[in-house]
Amino acid sequence: MLDIKYIRQNPEKVKEALENRGATADLDKFLKLDEERRNLLFEVEKLKSQRNQESEEIARKKKMGEPADEQIARMKEVSQKIKEMDERISQTEAELQNLLLTIPNIPDDSVPIGKCDRDNAEVRRWREPTKFDFTPKPHWEIGADLDILDFERAGKITGSRFAVYKGAGARLERALVNFMLDLHTEKHGYKEIFPPFIVNRDSMTGTGQLPKFEEDAFKLYNNTDYFLIPTAEVPVTNLHRNEILPKEALPIYYVAYSGCFRAEAGSAGRDTRGLIRQHQFNKVELVKFTDQESSMEELEKLTADAEEVLKLLELPYRVVVLCTGDLGFSSAKTYDIEVWMPSYNRYVEISSCSNFKDYQARRAKIQYRPEKGAKPMYVHTLNGSGLAVGRTTAAILENYQQADGSVVIPEVLRKYMGGMSKISV
RNA sequence: GGAGAGAUGGCCGAGUAGGUCGAAGGCGGUCGCCUGCUAAGCGACUAUACGGACUAAAAUCCGUAUCGAGGGUUCGAAUCCCUCUCUCUCCGCCA
């Protein structure tokens, strides 16, 4: 969430940011409520001050054995008034808080202004799209032909948008998880976290999934406040919720494997075939906590760390910077890494690397002390997929398919596959 | 699931016949003094949020709130009552 004081002092800037995003939020109402709240606070605090003072007097009088009945009666009235005002204040604050939680982050100045994904700007490209001298198959056909992916039986045991991985397919998925975790922990210096896949409402609110996007999340009904995580970003970022970190602790780099669960409300009919859009998928997630100065630089590094996975797997990709209209709710700047997907005949998002600046940190109260004795400041949080595993499996199947229907295993994965170099029937 | 114990500041730990308690004491930390250096010693300081005054902005000052969370009783609650959460011990069940 944004700093209330910032909104109060720069309403035009916030308005402009909202417009660039194509988002709506009732700023005027917000400002009105904010002023109302301050006026009420000022009044009630005067009363409370009076009550505190006179209560002390009453205590003194009682000790001396003097009568204080009259004063007690008067304070009774004051207390009643305070109670009423406190109620109004907490109502106003709740309204204010609700509004505040629905105002998205302000895009960084370096983010291009645009309406939708067509206005995203390509930043760089690595390798050319894969060329075939035969007609390539989509990965769901490859998976079925090799008997390593089974969407029909997944439909039977659960429903649509689920997959069963079998044999070498299951092994490939697991190999990718291990490969990515090893790369990021051993080479890039991230600390491995294995988080809960279920979180509470505070955590979902802290990273910005709630309250606005509740319909996208799977909710557990035997405990009304538990949710399946849509990404490891949620538990890992919330690791330090309500904490003040020492300056020396920063930057913190975490990498976490997790299952991810998404209701995919509103995407009915999109990417219905294959592994691209599932209710459950695997992801290795990179999360950083940094100070305020270095977060932009850290975003570049984080994106490069994610890109390296694709480079080592030798999968063609490009990097785009999301425009203001396509930017995620909590993000100030996002790079999408898109892998070449032959069945789509275009690049498909496989990682999204974002700098949230202090937006999540303010929601989740994650702070650091710049110097000993100094006032705590909000950290900057960043995260990015490193990578989405299901989509990586799909990309490997499609880009590495051979004319005979087999799939070559990328060199770096072979040691994770028991030396297997090819999947064939 | 059953029975019991507990949750206080960065940490440890006082504080229950309600009344200057934001909270004793200790540790840790910061600054100053002392010292040839180190150790020891002495002194001061040692939370956060919000609102206000002042300010270019800070610093500073004033006020309010915060003793797991929320609600209640009361002129007044860390202290009494209710609800919830979490932790610990024992029993049961279980991968």
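These values consider heavy atoms only, across backbone and side chains, with no hydrogens, waters or symmetry-generated copies. In what follows, chains are A, B, ... by sequence order, proteins preceding strands, each numbered from 1.
- Between A:F218 and A:H279, the ring planes are perpendicular. Angles over 60° get that label, and only those under 30° would be called parallel.
- Taking atom CD1 on A:I82 and atom P on B:G51, their separation rounds to 19 Å, with Å as the unit.
- Distances shorter than 4.0 Å separate some side-chain N or O of A:K83 from OP1 or OP2 on B:U73.
- The separation between A:N242 atom CG and B:G10 atom P is 12 Å, rounded to whole Å.
- Residue contacts for A:K61: at a heavy-atom cut-off of 4.0 Å it reaches no nucleic acid atom on any strand shown.
- A:K333 contributes atom NZ, which lies 12.0 Å from atom SG of A:C353 (distance to the nearest 0.5 angstrom).
- In this entry the distance linking CE of A:M1 with P of B:C50 reads 10 Å, nearest Å.
- For A:S424 and A:S406, the side-chain atoms include no donor-acceptor pair closer than 3.5 Å.
- Between the side chains of A:Q360 and A:E233, at least one donor-acceptor pair of N or O atoms lies under 3.5 Å.
- Contact of the A:F289 side chain with the A:H240 side chain is registered, since non-hydrogen atoms from C-beta on lie closer than 4.5 Å.
- Whole-Å rounding puts the A:E54 CD to B:U74 C1' distance at 16 Å.
- Distance CZ (A:R74) to C1' (B:G76): 15 Å, rounded to an integer number of Å.
- A side-chain N or O of A:D336 and one of A:S352 form a donor-acceptor pair less than 3.5 Å apart.
- Under the 6.0 Å cut-off for aromatic ring centres, A:Y190 and A:Y254 do not qualify, their centroids lying 6.0 Å or more apart.
- If you take atom C1' in B:C91 and the same atom in B:U8, they sit 31 Å apart, rounded to whole Å.
- Distance from the side chain of A:E56 is smallest to B:U20 among B:U20, B:C75, B:G51.
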Give me, pair by pair, the N or O atoms of the protein and of nucleotides 59-66 of chain B that are less than 3.5 Å apart, along with how far apart they are.
| from | atom 1 | to | atom 2 | distance (Å) |
| --- | --- | --- | --- | --- |
| B:G63 | O3' | A:S49 | OG | 3.3 |
| B:G63 | N2 | A:E45 | OE1 | 3.1 |
| B:G63 | N2 | A:E45 | OE2 | 3.1 |
| B:U64 | OP1 | A:N52 | ND2 | 3.1 |
| B:A65 | OP2 | A:N52 | ND2 | 3.4 |

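- Between B:C45 and B:G72, the two C1' atoms lie 39 Å apart (nearest whole Å).
- Looking at A:L172, A:L176, A:I350 one by one, the single match for side-chain contact (heavy atoms from CB on, under 4.5 Å) with A:V389 turns out to be A:L176.
- The separation between A:R362 atom CZ and B:A49 atom C1' is 13 Å, rounded to whole Å.
- When the P atom is used for both B:U16 and B:C80, the distance is 9 Å, rounded to whole Å.
- Residue A:R88 qualifies as open at atom CZ: its count of foreign heavy atoms under 6.0 Å is 12 or below.
- Counting heavy atoms from C-beta outward, A:Y165 and A:L149 have side chains that approach closer than 4.5 Å.
- Atoms CG (A:L41) and P (B:G51) sit 7 Å apart, rounded to a whole Å.
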Which dot-bracket string fits RNA chain B when only Watson-Crick or G-U wobble pairs with both atom distances under 3.5 Å count, crossing pairs get [ ], and | stands for a partner on a different strand?
((((((((.[[[..)...(.....]]]((((((.......))))))(((((((......))))))).[[[[[..)....]]]]])))))))....
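- Between A:E35 atom CD and B:G51 atom C1' the separation is 14 Å, expressed in whole Å.
- Taking 4.0 angstrom as the limit, A:R60 places none of its side-chain polar atoms (N or O) nearer than this to OP1 or OP2 of B:U20.
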